[in-house]
2 protein chains.
Amino acid sequence: MSKKKTVLIVDDHPLFREGLKSLLAGHSGFEVVGEAGTGREALLKAEELRPDLVVMDLSLPDQSGIDVTRSIRGLLSETRIMMLSMHSKIDYITEAFQVGATGYVVKESASERLIECLETVSRGEYFIDASLSHQVAKNLMESGEKAAKITDAGYGLLTSREQQVMRLIAEGLATKKIAEKLFISPKTVENHRTNIMNKLDLHSAMELVRYAAKLGLIDVDLWKS
Amino acid sequence: MSKKKTVLIVDDHPLFREGLKSLLAGHSGFEVVGEAGTGREALLKAEELRPDLVVMDLSLPDQSGIDVTRSIRGLLSETRIMMLSMHSKIDYITEAFQVGATGYVVKESASERLIECLETVSRGEYFIDASLSHQVAKNLMESGEKAAKITDAGYGLLTSREQQVMRLIAEGLATKKIAEKLFISPKTVENHRTNIMNKLDLHSAMELVRYAAKLGLIDVDLWKS
DNA sequence: GCAGCAACGGGATTTTATCCCGGAGGCAGA
DNA sequence: TCTGCCTCCGGGATAAAATCCCGTTGCTGC
């Protein structure tokens with residue numbers, strides 16, 4: 001490797017930052033030149049250090065990593081940003097790429113994954129954690145500016161309206177509430193739900209929620225806190 | 001230092017574990033001999049490796065770090081456990097020490113704090129993160145058994161039968177199935193459910209599932225695979 | 001124009017939930 | 001022992017929701 005890539009670490013947990021630093025210290029290709037614990041700090045450091053890479057946590061105390069990413073990308077077009085998150089919800093991933101992130105890795109991954117991602121991203125290529133559905137990744141690549149659609153064996157069979165209804169059901173909204181939200185009759189919502197369940201071969205509300213969780217339509221981790 | 005202290009790391013984020021490992025590798029006093037990502041795994045490794053120290057994350061996918069700590073302390077009286085958490089809530093800290101933890105550090109702390117804690121704990125002394133109020137520490141020592149049952153405000157109100165029914169509901173079983181399983185009338189199951197919802201102030205099946213997920217009655221992570 | 005599909009919703013029926021009721025049995029205290 | 005209290009159990013009446021089958025509208029492609 002010609003020269004080390006400079007890295008800025010942004011995460012609100014100092015311990016995690018230290019860990020990452022130690023980890024990257026063991027790899028000759030990267031050099032951690034700075035770290036930040038808040039979004040504000042991240043922006044200042046990024047502007048000052050102009051790093052090649054930024055490892056960005058999604059959740060920061062003062063603002064979302066999404067916003068920070070957007071800001072940094074606006075300032076430094078050469079700097080590549082790698083998103084690190086606890087969540088694998090499709091919305092987050094989509095958003096991250098839309099604001100200019102080049103990589104996305106979940107914290108559940110092994111460290112090799114992180115290194116791999118950094119190497120890929122430093123070459124300017126996109127990287128999406130392989131533990132995320134391949135379909136998701138594919139769509140993200142293809143869609144470009146558009147919002148990524150989720151495809152699944154069954155989910156693709158649903159019409160857009162049905163997908164919309166399904167999200168609301170999965171989020172736990174009652175039939176009536178969904179009807180109000182969409183300005184349609186509760187009866188229609190029920191019909192949509194029936195169709196959804198037939199197409200996906202589901203037989204209860206709970207199965208639907210699990211299915212949605214598997215696809216990343218909803219983030220069940222949020223329930224735990 | 002006479003010889004290295006063996007350390008077992010328990011955290012559900014591989015990246016965080018790697019980071020800790022790298023961090024501790026830079027200190028001659030400790031040697032990471034194993035790691036675990038779940039409570040179950042932690043117990044097995046602890047029994048197998050009999051480490052001097054355990055660095056334990058509070059939140060694990062399958063069960064609480066509190067439970068794991070209790071179990072390990074029951075098995076290995078020589079092993080000291082250091083709690084690592086994102087939360088500085090008094091409840092957690094209290095509980096951690098009550099089940100046999102010897103140290104408590106929040107993830108917001110710097111890495112020096114962690115090392116300091118490990119050194120202190122390995123000598124068998126108690127360590128509480130200085131960023132936590134002194135009052136907290138004081139209260140901890142005094143309170144003893146008093147605040148023992150923190151489990152949950154509402155869940156304790158349920159009778160054992162109701163708790164049993166609640167589990168089954170949370171697992172997604174239909175009313176009818178639950179009735180069959182418990183050899184009672186569907187009507188009775190419905191009555192139990194009504195009582196449960198009243199006592200816990202829940203208003204839909206989904207809320208119940210979320211509540212159950214929060215308490216750890218069910219493992220929503222299993223849905224994702 | 002017509003076939004096909006999506007979105008919408010009605011009517012009749014069945015299933016489920018809700019609210020209120022009471023009985024059997026265990027258990028603690030007077 | 002008797003009395004009150006609570007749990008567990010289930011019934012009956014009623015309200016709500018789901019289910020099944022039906023038709024209308026409107027758009028699209030041939």
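Computed from a predicted structure; not experimentally measured. Within every chain, numbering begins at 1; the chains are lettered A, B, ... in the order of the sequence lines, protein sequences first and strands thereafter. All values below were derived from every heavy atom in this structure, side-chain atoms included, with hydrogens, water molecules and symmetry-related copies excluded.
- Considering only heavy atoms from C-beta on, B:I72 comes within 4.5 Å of B:I81 through its side chain.
- Within the 4.0 angstrom heavy-atom criterion, only backbone atoms of the sugar-phosphate kind lie near A:T159; the bases stay farther away.
- In this structure, A:T188 does not reach the C:dC8 phosphate: none of its side-chain N or O atoms is under 4.0 Å from OP1 or OP2.
- Inter-axis angle, ends of the helix from C:dG1-D:dC30 to C:dA30-D:dT1, five pairs per end, rounded to 10 degrees: 20°.
- Going from atom CE of A:M166 over to atom C1' of C:dA6 covers 18 Å, rounded to whole Å.
- In this entry the distance linking CD1 of B:I196 with C1' of D:dT7 reads 13 Å, nearest Å.
- When rounded to the nearest whole Å, the span between CD1 of A:I178 and P of C:dA7 equals 15 Å.
- Taking atom CD1 on B:I184 and atom P on D:dG11, their separation rounds to 12 Å, with Å as the unit.
- Counting heavy atoms from C-beta on, the side chains of B:L20 and B:L114 come closer than 4.5 Å.
- The existence of a salt bridge linking B:E162 and B:K199 is confirmed by a sub-4.0 Å separation between a basic side-chain nitrogen and an acidic carboxylate oxygen.
- Distance CG (A:L182) to P (C:dA7): 11 Å, rounded to an integer number of Å.
- The residue B:S185 sits close only to the backbone: its heavy atoms come under 4.0 Å of sugar-phosphate atoms, none of a base.
- Within the 4.5 Å cutoff, the side chain of B:E35 has heavy atoms near those of the B:E18 side chain.
- Taking both residues in full, the closest heavy atoms of B:A42 and B:V68 are given as CB-CG1, 3.9 Å, listed atom of the first, atom of the second, then distance.
- At a threshold of 4.5 Å between non-hydrogen side-chain atoms, the residues B:T38 and B:L60 do not count as touching.
- In terms of heavy atoms, B:M197 sits closest to B:L208 at CE-CD1, 3.9 Å.
- One can place CG of A:N195 at 13 Å from C1' of C:dG9, the figure rounded to the nearest angstrom.
- Judged purely by atom type and a 3.5 angstrom limit, A:E41 uses its side chain to pair as donor or acceptor with the backbone of A:G37.
- Protein atom CG of B:L202 is 12 Å distant from nucleotide atom P of C:dT18, rounded to whole Å.
- Across all their heavy atoms, A:D12 and A:R17 have their closest contact at C-NH1, 4.2 Å.
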### Query
Could you write nucleotides 17-30 of chain D as a row of B, S and -, 5' to 3', where a protein heavy atom under 4.0 Å of any base atom gives B, of only sugar-phosphate atoms gives S, and otherwise -?
SBBBB---------

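- The CD-P distance, from A:Q164 to C:dA6, rounds to 15 Å in whole Å.
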